[in-house]
Amino acid sequence: MELAYTETRKILRHGRASLAYRAILPQAAGERAWGEHYVKAAGALERWAADTLLPRMELSIERAPRRRRLYNVLPQLSFLCDGAVIDERRISVTVTVLLEQDGKVTRRQDFRVWDTLMGTLCPIEWFLPRKEARRYERWAFAVRDGWVWGLRSGRRQTPEPIKIGKVKYLPSSS
């Protein structure tokens, strides 16, 4: 299995406020229901930008002194979906949402592993021994180059994934 991506670029406008919106999504084939979730999420982010973010930007432009009303750089909102194929059946997906505005970059990431044959999320216990996996978020983790990267659960949460251990043996897809 190989992943194919589609890229969308739009300029969203509301009054004098405008925003460059970019989405990179996996192409969803009929049996791969996991891709539909990310298409819906990208659509929801675009609606949020049009309904909430742009009116706020318009209001700040109206309140700004006249000499500061024009933006030198067009703010950008990006929904980037990247994936790595683990085996012929499972895929590790990383979603990054970036907002670049006024010289500041706000970044949020989400990690999931999907069983593409069934269209369901995989728990971390499928990839690590249960004793090791219980200290990490059950559904938010990534698999890269045979290693499991996870987020700590509980009080010692981490915003970035940390390397936990090697992937244990996965059953074949037959």
- Message: One thing to verify: whether E125 and R134 come together as a salt bridge, which I'm taking to mean a side-chain N less than 4.0 angstrom from a carboxylate O.
- Response: no
- R108 vs D110 side-chain heavy atoms within contact, under 4.5 Å: no
- Item | side-chain contact (heavy atoms from CB on, under 4.5 Å) assessment of Q101 paired with Q76 | CA-CA 7 Å; Q101 182 181 14; Q76 293 189 7; over 6 Å; no
- Supply the atom-to-atom distance L151 CG to Q109 CD, rounded to the nearest 0.5 angstrom. 9.5 Å
- So which heavy atom on A142 is nearest to which on S92, and how close? CA-OG, 3.5 Å
- Can the positive tip of R112 be found less than 6.0 Å from the middle of the six-membered ring of W139, inside 45° of the ring normal? no
- Query: If you look at every heavy atom in V95 and C81, which pair is closest and at what distance?
  - Reply: CG2-SG, 4.1 Å
- Message: Checking side chain to side chain contact (heavy atoms under 4.5 Å, CB included) between I24 and each of F79, Y5, Y38, which is the one that passes?
- Response: Y5
- About how many Å separate CH2 of W126 and CD1 of I86, when rounded to the nearest 0.5 Å? 11.0 Å
- Task: To the nearest 0.5 angstrom, please state how far the CG atom of L99 sits from the CG atom of L19.
- Result: 7.0 Å
- Same cluster or not: are I162 and V143 linked, directly or through other Ile, Leu, Val, Met, Phe, Trp or Tyr residues, by side-chain heavy atoms under 4.5 angstrom apart? yes
- Does the side chain of W114 reach to within under 4.5 Å of the side chain of T120, using non-hydrogen atoms? no
- Query: Which heavy atom in R144 sits nearest to a heavy atom in P161, and how many Å separate them?
  - Reply: NH2-CG, 4.2 Å
- Message: Has S60 got a side-chain atom pairing as donor or acceptor with M57's backbone, closer than 3.5 angstrom?
- Response: yes
- Query: Given the rule in the side-chain contact (heavy atoms from CB on, under 4.5 Å) test, do S18 and L74 qualify, once you have shown the distances and angles that lead to the verdict?
  - Reply: CA-CA 7 Å; S18 58; L74 184 67; 3.2 Å; yes
- Checking side-chain contact (heavy atoms from CB on, under 4.5 Å) for the pair T8/Y21: CA distance, chi angles, key distance, verdict? CA-CA 8 Å; T8 307; Y21 176 73; 5.6 Å; no
- Task: Check whether any side-chain heavy atom of W48 sits under 4.5 Å from a side-chain heavy atom of L53, and report yes or no.
- Result: yes
- Message: Between E100 and P75, is there a side-chain heavy-atom distance shorter than 4.5 Å?
- Response: no
- Message: For a quick test of reading the model, state the closest non-hydrogen atom pair linking R90 to T116 and the distance between them.
- Response: N-OG1, 4.5 Å
- Message: Could you go through K168 and L128, starting from their C-alpha distance and side-chain angles, then the distance that decides it, and tell me whether this counts as side-chain contact (heavy atoms from CB on, under 4.5 Å)?
- Response: CA-CA 6 Å; K168 71 178 184 181; L128 289 174; 5.8 Å; no
- Message: Are the side chains of R16 and E62 in contact, using a 4.5 Å heavy-atom criterion?
- Response: yes
- Interatomic spacing from NE2 in H37 to CG in L25 - rounded to 0.5 Å: 13.5 Å
- Closest approach of F127 and C122, non-hydrogen atoms and distance? CE1-CB, 3.8 Å
- Query: Considering all heavy atoms of both residues, which atom of A17 and which atom of L54 are nearest to each other, and what is their separation?
  - Reply: CB-O, 3.7 Å
- Message: Quick test of your reading of the model: are E137 and R152 salt-bridged, counting only N-O distances below 4.0 Å?
- Response: no
- Message: As an exercise, state the distance from CZ of F111 to CH2 of W149, rounded to the nearest 0.5 Å.
- Response: 10.0 Å
- Is R9 salt-bridged to E7, going by a charged N under 4.0 Å from an acidic O? yes
- Note on the structure: dist L80:CG -> L98:CG (nearest 0.5 Å) comes out at 5.5 Å
- Hey, is CG on D51 packed in by over 12 heavy atoms from elsewhere, all under 6.0 Å? yes
- If we only count heavy atoms from C-beta on, is the L45 to V97 side-chain gap below 4.5 Å? yes
